[in-house]
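Worksheet for the structure shown next.
FYI, side chains are in, hydrogens and waters are out, and symmetry mates aren't considered; it's all heavy atoms of this structure.
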Amino acid sequence: MIVRPTATFGEPSMTEGQTLDQTELGMIDRYWRAANYLSVGQIYLHDNPLLKHPLAVGDVKRMLLGHWGTTPGQNFIYAHLNRAIKKYDLNMIYVSGPGHGGPAVVANTYLEGTYSEVYPDISQDESGLRKLFVQFSFPGGIPSHASPECPGSIHEGGELGYSLSHSFGAVFDNPELIVACVVGDGEAETGPLATAWHSNKFLNPATDGAVLPILHLNGFKIANPTILARISREELQQLFRGYGWTPYFVEGHDPALMHEAMATTLDLAVEQIRQIQHDARIGGDTTRPRWPMIVFDSPKGWTGPKMVDGVQIEGTFHSHQVPLSDPASHPDHLQQLEDWLKSYRPEELFDDEGRLKSELTEVAPKGERRMGANPHANGGMLLRDLRMPDYRDYAVDVPSPGVAGIGDTHVLGHFLRDVTKLNDERRNFRIFGPDETLSNGLEAVFDVTNRQWNGDTVANDELLAPTGRVMEMLSEHQCEGWLEGYLLTGRHGLFNCYEAFIHIVDSMFNQHAKWLKVTSHLPWRRKIASLNYLLASHVWRQDHNGFTHQDPGFLDHVVNKKAEIVRVYLPPDANCLLSVTDHCLRSRHYVNVVIAGKHPAPQWLTMDAAVKHCTKGIDIWSWASNDQDEAPDVVMACCGDVPTLETLAAVSIMREYLPALKIRVVNIVDLMKLQPSTEHPHGLDDRDFDGLFTKNKPVIFAFHGYPWLIHRLIYRRTNHDNIHVRGYKEEGTITTPFDMTVLNELDRFHLVIDAIDRLPQTGDKGLYLKQQLQDKLIEHRLYINQHGQDMPEVRNWTWGGSK
């Protein structure tokens, strides 16, 4: 039956009368039964797909993997969405949030014909059915989720919590698209999902599409009840009303009554969505609407075995996975499985050759209106190149190395401003961030756009508007999920974030990188725009916020993923940052991580030199070196803006006080250059690596992140034992910028001492210089403790070579 919110909430009441006539009801029920039959077959059957002979032990897979509990409910929802798509000619895709919803989405895309078009060997006949069943959760086959291999999927659902965020990302700037997002009631307990209900405050009905959330309230997780199923209907209504939604309840277990209830409620929801959009687009209504949502309350494991071995299965957590065990070890389960399959009356659903009966094929939409064939679910099909300004036009003038800069991201902001402006008409580029776009130095983008915001406003609000190209919510999870959904449906974007707090989305990054890896090997999946991270307010310039804000470890996490997917860039100055960002925004199917500073910092390279340097990814800075005529005594390597500054300051000390030393400076922009070419496509071969770092000379390597990451990347290199890395060692507090480097022994004084310790030829000169530098470190500590800022010689240092 349908339960409506009480009249005190002012909800529309239902009209009397039937939505479905008996023919429609019968057709939808048969289609649902077909999907259920295919789902059970995927979990259990190895052969005999049409039950043409009594089921035998040999017909059943020996390794039973899959999840039945959520599947019949999702099959029911999918069938009714098909009806709504046809009735209203909807442009709709389906997102399966509950974990392990694979049997449902595979079954339904097979029934609608999309699956066989993508995979012709999974044909619409008995042979195709057999292959469809065997491949599921089987070696060499497909996973048990709504995986990338499944047409129509943009959300795998292996890790819970992101379905609603992905759905909203998909409909931003897609005014004709509706995403039917099925949210599992277990998934609804996750933090990201609980926050994602607030995404409706960022949806503009005039320019964006719509999300129709369908909370699948089947009552249980793996082995526990769900919270939302064990609170009163009044409390649940109040919860979603408080989130700003209009909830409608479809609940029960009798299929005939549930079909009628679902059809009526879906019609109401679609008509409300259309009315909201009409009022905004035609009537100019800017009031934030209460969008409809559906709470679909059906038994977990619906239509499956009621009891097994004396234990209730349907309507309990016992139906979550595989209700019946391998009949080879549980002979009684064989007959139960056959009875279960026959309960769907397959002879009414498929002809003798295994094809879905012709009248049932009419239940599904046609062509690209099928949810499995909708191009928005294969976003690369819709992807258009960004209109890009020439990044060289934003170059910092560098008449000589070391000129003062305003802060690298402040320079980049002007470039991103014009990227935003040039693509405003196409509405295919957005900047996402957890309320840090201004803080990260990208204030220039607000010259041409605002933050999109559909909540209430007050007179002193700034930079808020119903439409804007910047999306900010103080939830890294939502920003990441929105951006992923935006990219997966064929658009471009950038996620800017404080470096330390990007860890919040470690697991989301994992899942997206896995998605990219799998889809890169599926020829029918078109490549999408890269996921671009700009991490500013980084570890070396969080001296004002302290230890909690100091963590460069996202890099360690990123490089765990497949080399074909991940790219990491640490530009040393603004011109390099411009070059790198232009490259990343043009790229396809990668995860690009860019680390950049926002504070005033020296600028090292002209734009022409920066382009060459970034193209190579790693190079000798000859202007800072003095080993042109003979082999170096030491290599001073640096990766990252602050490590580059400290390295060059160290080199200037060494060249002044130890002029006989031959010093080579190597700067790394592309971190993956350090890996062997056999491990990463950007990697250097051993000959080129040895040419830069030598085979036997000491290398003092100043690195932005944790030092052991460098050792991990270069452990196979010839000179590995001679490479000594300084980086972040988990030492931090609220202190001065330079003291951050001192605490972690990345500062210029420690770098020189490191070099002296490994260069016995420096002799007494080295010994005395080392003592001076140790004294200087004491002087530094005394000075900052008294004055609260770095010593003038540090604050005012400029590059002068040996001067």
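When Arg491, Arg588, Arg586, Arg426 are each tested for a salt bridge (Lys or Arg N to Asp or Glu O under 4.0 Å) with Asp385, only one passes: Arg588.
Here Arg355 does not pair with Glu126 in a salt bridge; the nearest charged N to carboxylate O distance is not below 4.0 Å. In summary, Glu112 and Lys366 do not engage in a salt bridge, as defined by a charged side-chain N under 4.0 Å from a carboxylate O.
Contact of the Leu38 side chain with the Asn75 side chain is not registered, since no non-hydrogen atoms from C-beta on lie closer than 4.5 Å. For the pair Trp291 and Pro213, the minimum side-chain heavy-atom distance is 4.5 Å or more. Under the 4.5 Å side-chain criterion, counting only non-hydrogen atoms from C-beta, Arg30 is in contact with Leu349. Using a 4.5 Å heavy-atom cutoff, the side chains of Tyr162 and Leu193 are not in contact. Leu383 is not listed as a side-chain neighbour of Arg526, based on a closest heavy-atom distance of 4.5 Å or more. Within the 4.5 Å cutoff, the side chain of Glu564 has no heavy atoms near those of the Tyr590 side chain. Within the 4.5 Å cutoff, the side chain of Ile43 has no heavy atoms near those of the Gln321 side chain. A 4.5 Å side-chain heavy-atom check between His330 and Leu324 finds every atom pair outside the cut-off.
Proximity of a side-chain donor or acceptor of Asn48 to a complementary backbone N or O of Lys52 within less than 3.5 Å is detected. Asn174 contributes no side-chain N or O that, together with a main-chain N or O of Leu177, makes up a donor-acceptor pair within less than 3.5 Å. With Trp68 contributing its side chain and Val322 its backbone, the two residues share no donor-acceptor pair below 3.5 Å. Side chain of Asn108 to main chain of Ala104: a donor-acceptor pair is present (N/O by atom type, distance under 3.5 Å, no hydrogens or angles). Proximity of a side-chain donor or acceptor of Asp21 to a complementary backbone N or O of Thr23 within less than 3.5 Å is detected. Of the possible polar contacts, one joining the His680 side chain to the Ala563 backbone as a donor-acceptor pair under 3.5 Å is found. His492 contributes a side-chain N or O that, together with a main-chain N or O of Arg384, makes up a donor-acceptor pair within less than 3.5 Å. The backbone N or O of Phe133 lies less than 3.5 Å from a partner atom in the side chain of Lys61, making a donor-acceptor pair.
Atom CZ of residue Arg83 and atom OH of residue Tyr31 lie 14.5 Å apart, to the nearest 0.5 angstrom. Atoms CG and CD, from Leu483 and Gln478 in turn, are 12.5 Å apart once rounded to the nearest 0.5 Å. With rounding to the nearest 0.5 angstrom, the CZ atom of Phe220 is 6.0 Å from the OG1 atom of Thr316. Here the OH-CG distance, from Tyr44 to Leu341, works out to 9.0 Å after rounding to the nearest 0.5 Å. Note that CE of Met381 is 11.0 Å distant from CZ of Arg525, once rounded to the nearest 0.5 Å.
Aromatic ring pairs are classed by plane angle as parallel below 30°, tilted from 30° to 60° and perpendicular above 60°; the pair Phe168 and Phe172 is tilted. By the 30° and 60° cut-offs, the orientation of the rings of Tyr486 relative to Phe432 is perpendicular.
Taking the centre and axis of the six-membered ring of Tyr344, the NZ or CZ atom of Arg33 falls outside the cone set by 45° and 6.0 Å.
Taking the six-membered ring where the residue is Trp, the centroids of Phe76 and Trp302 are separated by under 6.0 Å.
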